[in-house]
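So the structure is just underneath, and the comments pick up after that.
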Amino acid sequence: MERRSMKDERSRAIILREAVGREDLDRVRRLLIDYAAEFAPAIRECLARQGFEAEMEGLPGRYAAPGGVLYLAMIAETPAGCVAFRKVGDSDCEMKRLYVAPGFRSMGLGARLIEAAIEHAVRLGYHRLVLDSTPEMSRAVALYRSFGFEEVQPHIAGDHALYFVKRLSARD
């Protein structure tokens, strides 16, 4: 699935698509390596616990259909951002790896990626979308809150991460 829109006076076409082919997966991999480098001080240990290196080697991995998705945003033939989600439990999914490259920030791209992930999760019938972030990712945290994600208690006592949930259906 591919989506197009025009954004602000720059009028650059944003192409948002599911990353399924080798070329798109390589583009996402490069974006996520940049993400890891940019936020290394805040997320290094967390990424190690999550098996980030193995995840990069095995993309799309847990984000593959039918239970997940990995989106790539392209602007003028350049990888600009990505987001993914995966199934966790019977009716929940977890949004991961939201990243917008520095040269494409403040264009509304993060919001477009979150919106696409939410819409896709609803189409797949998930009841809740969960995610974690860190206080250092303040722009992302503000964006999550603007989409109605509510902060919940951490899974692990003393964990530095912030945990959020968004209800997607009235059933939960």
Under a 4.0 Å N-O cut-off, is there an ion pair linking Asp34 with Arg30? no

Sequence neighbours left out, what passes side-chain hydrogen bond (donor to acceptor under 3.5 Å, both in side chains) with Arg44? Give chain and number order. none

Roughly how far, to the nearest 0.5 Å, is CG of Leu31 from CG of Leu72? 6.5 Å

Which pairs pass ring-ring contact (aromatic ring centres under 6.0 Å, His included) with one or both residues in residues 82-101, sequence neighbours excluded? Tyr35-Tyr99, Phe85-His120, Phe85-Tyr126

Look at atom CD of Glu151 and say whether more than 12 heavy atoms of other residues, nucleotides or ligands are closer to it than 6.0 Å. yes

Evaluate the side-chain contact (heavy atoms from CB on, under 4.5 Å) criterion for residues Leu98 and Leu131: first the C-alpha distance (whole Å), next the side-chain angles of each, then the deciding distance (0.1 Å), finally the verdict. CA-CA 10 Å; Leu98 173 67; Leu131 65 88; over 6 Å; no

Please name the pair of heavy atoms, one in Pro66 and one in Leu124, separated by the smallest distance, quoted to 0.1 Å. O-CD1, 3.5 Å

Separation between OG1 of Thr78 and CZ of Arg27, rounded to the nearest 0.5 Å: 9.0 Å

Just to verify, which of Arg97, Arg49, Arg29 counts as forming a salt bridge (charged side-chain N to carboxylate O under 4.0 Å, His left out) with Glu55? Arg97

In this structure, would Val152 and Val88 fall into the same cluster of hydrophobic residues linked by side-chain contacts under 4.5 Å? yes

Rounding to 0.5 Å, atoms CZ (Phe52) and CD1 (Ile43) come to a distance of 7.0 Å

Least distance between heavy atoms, Asp132 atom then Glu94 atom: OD2-OE2, 3.4 Å

Mind running salt bridge (charged side-chain N to carboxylate O under 4.0 Å, His left out) on Arg167 and Glu150 for me, showing each step along the way? CA-CA 9 Å; Arg167 294 178 194 333; Glu150 297 175 352; 5.1 Å; no

